[in-house]
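Input: a single structure, listed below in structure tokens.
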Amino acid sequence: MLDLDRLRSELTGACADSGLDPGSLVVFVVDAVRPAGTTPMAYLHPAGFVWPDTVAVFRAVGRDRAQLLHRSPQNGIAHRIAVWDGLPGLPAAALGPMLRHELAHARRWEQSGTRFFEADDLLRSAVRAAGGDGYGSLPSELEANAASAAYAARTLTPAALARLAACADCAALLDRAPRPENVVEATLSELCRRSDWSPWVDAAAREAYVSEVRAACAAWDEQSARALAAGRDAPALEVVSPAEP
């Protein structure tokens, strides 16, 4: 089971590497062993909600609990990470790179905003509906994997890196495939290329939507976004029992 002191320490290190304020985070540790086939850890941006198709670990946190506990008493909102307490089969050394991967998504929200995540979710849903092929090539995943791979190379021993590489669930954390120079534009270009994310509307409507998201991302104020999640001195760690299905 996860050692909370180690989790806090690894989180602090990953935050320092990513440039993220540790006090802007709430981490939910779900008091259960990771079910087979589920994601070990996941990120939810400050404006996000838990829906019926959200990853299992956040459904286990529960919609209401994720919403009520992510607000700081000082002001605004927080980045949220959820992780299973029991992670059988995963090397202990995976924790830091997994956190660094999720924090890359958090930094993307700070840089590009909620509308980017809306578009990214549409693209992810289309990829999943098509069988999941190409998930690792999503621009936001390439960005997060590049961050975790660089972090792992800097912080882990050769033996620990070898254990991660040998673990099917961890191999992507070491993926050094180059990230797109412009993650937002790469994501929107992919949406323009395919129609399966919105088969009920025509090409003109899809292009209008993409243009709207592009403009919203360009207008996003990173400093204001960072200020919204400020206010705590340290990350909040919450151990929670799995929510009722």
Tell me whether Leu87 shares a hydrophobic cluster with Met41, the cluster being built from Ile, Leu, Val, Met, Phe, Trp, Tyr side chains joined at under 4.5 Å.
yes

On the 0 to 90° scale, with breaks at 30° and 60°, tag the His105-His101 ring pair as parallel, tilted or perpendicular.
perpendicular

Does a salt bridge link Arg115 with Glu212, judged by any charged N lying under 4.0 Å from a carboxylate O?
yes

Atom CG in Leu156, atom OH in Tyr151: separation rounded to 0.5 Å?
8.5 Å

Rounded distance [0.5 Å steps], CG in Leu90 versus CZ in Arg34
5.5 Å

Which residue is it: Ser140, Ser125, Pro139? I am looking for the one with a side chain to side chain contact (heavy atoms under 4.5 Å, CB included) to Asp120.
Ser140

Is it true that His79 and Glu110 share a donor-acceptor pair across their side chains at a distance under 3.5 Å?
yes

From CG (Asp221) to CZ (Arg226), nearest 0.5 Å
11.5 Å

If the plane angle is over 60° it's perpendicular, under 30° parallel, otherwise tilted; pick one for His45 and Trp109.
parallel

Interatomic spacing from CE in Met98 to CG in Asp169 - rounded to 0.5 Å
9.0 Å

Under a 4.0 Å N-O cut-off, is there an ion pair linking Glu207 with Arg214?
no

Residue pair Ala243 / Arg59: nearest heavy atoms and the distance that separates them:
CB-O, 3.8 Å

Which distance, rounded to the nearest 0.5 Å, do you find between the CG of Leu122 and the CG of Leu191?
6.5 Å

Can you tell me which residue among Val29, Val30, Val239 is in a side chain to side chain contact (heavy atoms under 4.5 Å, CB included) with Leu2?
Val29

To the nearest 0.5 Å, what is the distance between CG (Leu25) and CG (Leu103)?
6.0 Å

